[in-house]
Amino acid sequence: MAYQRILTIQDISCVGQCSLTVALPILSACGLETAILPSAVLSTHTAGFHGFTFTDLTDEMPRINEHWQREKLKFSAVYTGYLGSSRQIDHVKEIVKTSMLPGGKLIVDPAMADFGKLYPPFTSEHVEAMKKLCFESDADIILPNITEASLLCDMEFRETYDESYIRTLIEKLEKQGAKTIVLTGVGYTVDSTGVVVYENKEFRYYKHYRYNKGCHGTGDVYASSFVGAYLNGKTAFEAAKIAADYTLRCIEKTHEDEGHWYGVKFEMVLPELEKAIFQ
Ligand code: PXL
């Protein structure tokens, strides 16, 4: 593969093993030059820590992009994660328009909700802005979980569901403009979960083991390893499988340490991800 410079846009949670502190090392391990655009700086992530600081960087985003344009810096892919405000989403759309190389890939993890609920700072305004990023900006791939997918296509969220519910979700996303869809956290039995990939008009399902106890940050580990594999020439389905297997190994590593409640121990198993991509 040709050497690629990509851009990832998400927050820096200084402590907490999520967003940029996960994406940057994973993408680097996948051999990608990774430029970053921090959407905000938080002392920790927001799930379980109390009294965290939050510095919004929305107004920096267009200034940074103007400098990149003056320097003629371009990216062969843009991968977005947790975005701190709906106003940021407008800046991201502009950055994609001005700083992506022709034929570049836009990969959007809508990172805004889980378990049927929006993350605390977000409202329906954020959902509407995220729809625009996913559908109007021509995202090549979106990686929602079921909660995010239901919000993006205004469909009722269901905790228990069957294949026809999942199919309808994906069909509605496609109707709104989604191209390749990687729908995560889809399980039809109590001890399994998996990922449904809709690629080239075809549905495929990768089913795998589900641990009862999850870890905070697995969504970011999953999306980053997916992007790493995909940009190294894997199909979306192959990348989805590689990312699922890697994320499971990270969860196993994390479970070895009962006190590690705030993030995913993804570091020690990075060589396994590299092997899966480059072998
Ligand atoms: O992992 C998603 C995420 C990213 N960044 C921040 C978060 C969360 C989820 O809670 O709080 C700041």
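Quick caveat, the model's predicted, so the values are computed rather than measured.
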Flag the pair Y79 / F226 as yes when their ring centroid distance falls below 6.0 Å, and as no otherwise. no
Kindly check if the number of other-residue, nucleotide or ligand heavy atoms within 6.0 Å of NZ (K93) is above 12? yes
What do you reckon, is CZ of F115 surrounded by more than 12 foreign heavy atoms closer than 6.0 Å? no
Look at the side chain of S39 and the backbone N and O of D11, then say whether any donor-acceptor pair between them is shorter than 3.5 Å. yes
In this structure, would V227 and Y206 fall into the same cluster of hydrophobic residues linked by side-chain contacts under 4.5 Å? yes
Report the C-alpha separation of Y198 and E171 in whole Å, then their side-chain angles, then the decisive distance to 0.1 Å, and conclude whether the side-chain hydrogen bond (donor to acceptor under 3.5 Å, both in side chains) test is met. CA-CA 9 Å; Y198 181 74; E171 283 166 359; over 6 Å; no
Taking all non-hydrogen atoms of both residues into account, name the closest pair between I242 and A276 and its distance. CD1-O, 3.8 Å
N65 side chain to M61 main-chain N or O, any donor-acceptor pair under 3.5 Å? no
To the closest 0.5 Å, what do you measure between OG1 (T80) and CG (D109)? 7.0 Å
Between R249 and E252, is there a side-chain N and carboxylate O pair less than 4.0 Å apart? yes
Ion pair present between E156 and R158, side-chain N to carboxylate O less than 4.0 angstrom? yes
Please determine, by modelled atom types, if T58 and Q88 share a side-chain donor-acceptor pair under 3.5 angstrom. yes
Quick one: salt bridge (Lys or Arg N to Asp or Glu O under 4.0 Å) pairs with a partner in residues 51-65, sequence neighbours left out? D59-R87, E60-R63
Flag if over 12 foreign heavy atoms under 6.0 Å of NZ, K213: yes
Salt bridge between E267 and K253, side-chain N to carboxylate O under 4.0 Å? no
Is there a donor-acceptor pair under 3.5 Å between the side chain of T254 and the backbone N or O of K265? yes
Establish, from distance only, whether the side-chain atoms of Y211 and T193 form a donor-acceptor pair under 3.5 Å. no
Residues passing the ring pair (Phe, Tyr, Trp, His ring centres under 6.0 Å) test with F75, sequence neighbours excluded, are W68
